[in-house]
Visitor: 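Could you have a look at this structure, given as structure tokens, before my questions?
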Amino acid sequence: MNNPTLIPSVIALLVLSLLALLLVKKGKIGRLSALLLVIIPLVVGNGVWLGWIHPQQKQHQQQQQLQRQQQRQADKIADAQQQLAATPPYSTIRQQQPALYKQINEQLVAAVRAGTDPDKAIGQLRPMVAELLNQRVGRADDDSIINYMRLSVSQMENLRQQNGELCFKFLFPQIRGGVNSEELLPQTLLQQDRQQMDALLRASQGAEKPIDIAQARRSLQSIVRKLYAKWGSDLQLLNSPTDSRVEPEKMCDMTIDLYSAVLALPTKQSANVLRMMLSTNAG
């Protein structure tokens with residue numbers, strides 16, 4: 001029953017056969033004519049069906065199926081865009097930096113169109129936000145910087161427990177491609193991450209905050225001396241993450257120790273050191 005011409009052909013055969021039989025019985029035509037009366041219309045009809053009608057129907061069905069698929073994809077993309085627009089920090093980026101939001105939106109659309117799940121696609125956008133935060137951190141207030149870095153340390157610790165390589169990729173995405181936080185971190189940390197990124201963006205719209213470079217270096221040198229007693233010369237590898245001697249687990253552990261020590265400083269002192277370490281404009 002998979003042959004699309006079978007049912008119509010059987011019906012036509014029965015009708016023509018009955019008509020031919022009736023005409024033969026009445027003496028209107030002979031047997032040869034009756035046979036031709038059955039065969040010729042069937043051949044012509046099947047030719048018309050297979051050569052034109054059926055291909056037209058099949059093409060129409062394929063077009064409808066394609067239109068339905070395109071509509072489903074368009075709806076999926078629209079839903080993903082709505083989700084992005086309503087999700088911090090992207091909702092804030094949309095207000096503050098429309099040009100960057102346009103790039104983020106285009107990357108989201110491309111990922112969803114390629115078949116990526118919308119939630120996963122949004123998770124893959126985080127490096128673009130992280131790059132923006134690096135540009136804006138020098139303008140943020142003390143509490144925003146400290147809260148953001150405390151959360152970052154919590155994320156490092158969580159990934160380190162899972163796998164040292166994951167933690168390394170999180171710290172140095174430019175070297176090994178980064179990670180998709182949405183797939184790896186618990187929802188509590190993901191929600192805090194979005195909130196803290198959003199808070200930092202909202203608190204960094206003014207001018208660059210002054211950095212006491214001399215004080216920041218003294219504070220950092222004091223921390224490094226204490227960490228050197230634990231890690232020795234390996235600590236120098238934090239400045240050379242591409243070095244062939246780098247061990248991902250150790251790099252992650254040293255980074256966690258470093259930022260934890262900075263965050264343990266008094267608020268003003270801690271924020272001053274973090275600005276020097278993180279700001280792209282620090283001298």
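All values below were derived from every heavy atom in this structure, side-chain atoms included, with hydrogens, water molecules and symmetry-related copies excluded.
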Visitor: Heavy-atom count around R94 CZ within 6.0 Å, excluding the residue itself: above 12?
Guide: no
Visitor: Donor-acceptor check, side chain of S222 to backbone of R218, threshold 3.5 angstrom: yes or no?
Guide: no
Visitor: Testing Q162, Q155, R160 one by one against N158 for a side-chain hydrogen bond (donor to acceptor under 3.5 Å, both in side chains), which residue passes?
Guide: Q162
Visitor: Using every non-hydrogen atom in the two residues, find where P118 and V112 come nearest and quote the distance to one decimal.
Guide: CA-CG2, 4.3 Å
Visitor: Counting heavy atoms not belonging to Q191, are there more than 12 under 6.0 Å from its CD?
Guide: no
Visitor: Within the distance-only criterion (no hydrogens, no angle test), does the side chain of S144 pair as donor or acceptor with the backbone N or O of A140 below 3.5 angstrom?
Guide: no
Visitor: Scan the side chains in residues 226-233 for donor-acceptor partners under 3.5 Å anywhere in the protein, sequence neighbours excluded, and list what turns up.
Guide:
from, atom 1, to, atom 2, distance (Å)
K230, NZ, D257, OD2, 2.8
W231, NE1, D257, OD2, 3.0

Visitor: Checking Q215 against S219: is there a side-chain donor and acceptor pair closer than 3.5 Å?
Guide: yes
Visitor: Any salt bridge between E182 and K120, counting N to O under 4.0 Å?
Guide: no
Visitor: Below 4.5 Å, heavy atoms only, C-beta onward: do L189 and S154 meet side chain to side chain?
Guide: yes
Visitor: Does a salt bridge link R126 with D193, judged by any charged N lying under 4.0 Å from a carboxylate O?
Guide: yes
Visitor: Check this for me: R72, atom CZ, are more than 12 non-hydrogen atoms of other residues, nucleotides or ligands nearer than 6.0 Å?
Guide: yes
Visitor: With a cut-off of 3.5 Å and sequence neighbours excluded, list every side-chain donor-acceptor pair involving residues 197-206.
Guide:
from, atom 1, to, atom 2, distance (Å)
D198, OD1, T92, OG1, 2.3
D198, OD2, R202, NE, 2.9
R202, NE, T92, OG1, 3.4
R202, NH2, T92, OG1, 3.1
S204, OG, R136, NE, 3.2
S204, OG, R136, NH2, 3.4
S204, OG, L200, O, 2.8
S204, OG, L201, O, 3.2
Q205, NE2, R202, O, 3.4

Visitor: More than 12 heavy atoms of other residues, nucleotides or ligands under 6.0 Å from CD of E131: yes or no?
Guide: no
Visitor: Only counting residues at least two apart or in another chain, list the ones meeting ring pair (Phe, Tyr, Trp, His ring centres under 6.0 Å) with F172.
Guide: F168
Visitor: Hey, are E106 and R113 close enough for a salt bridge, meaning a charged N less than 4.0 Å from a carboxylate O?
Guide: no
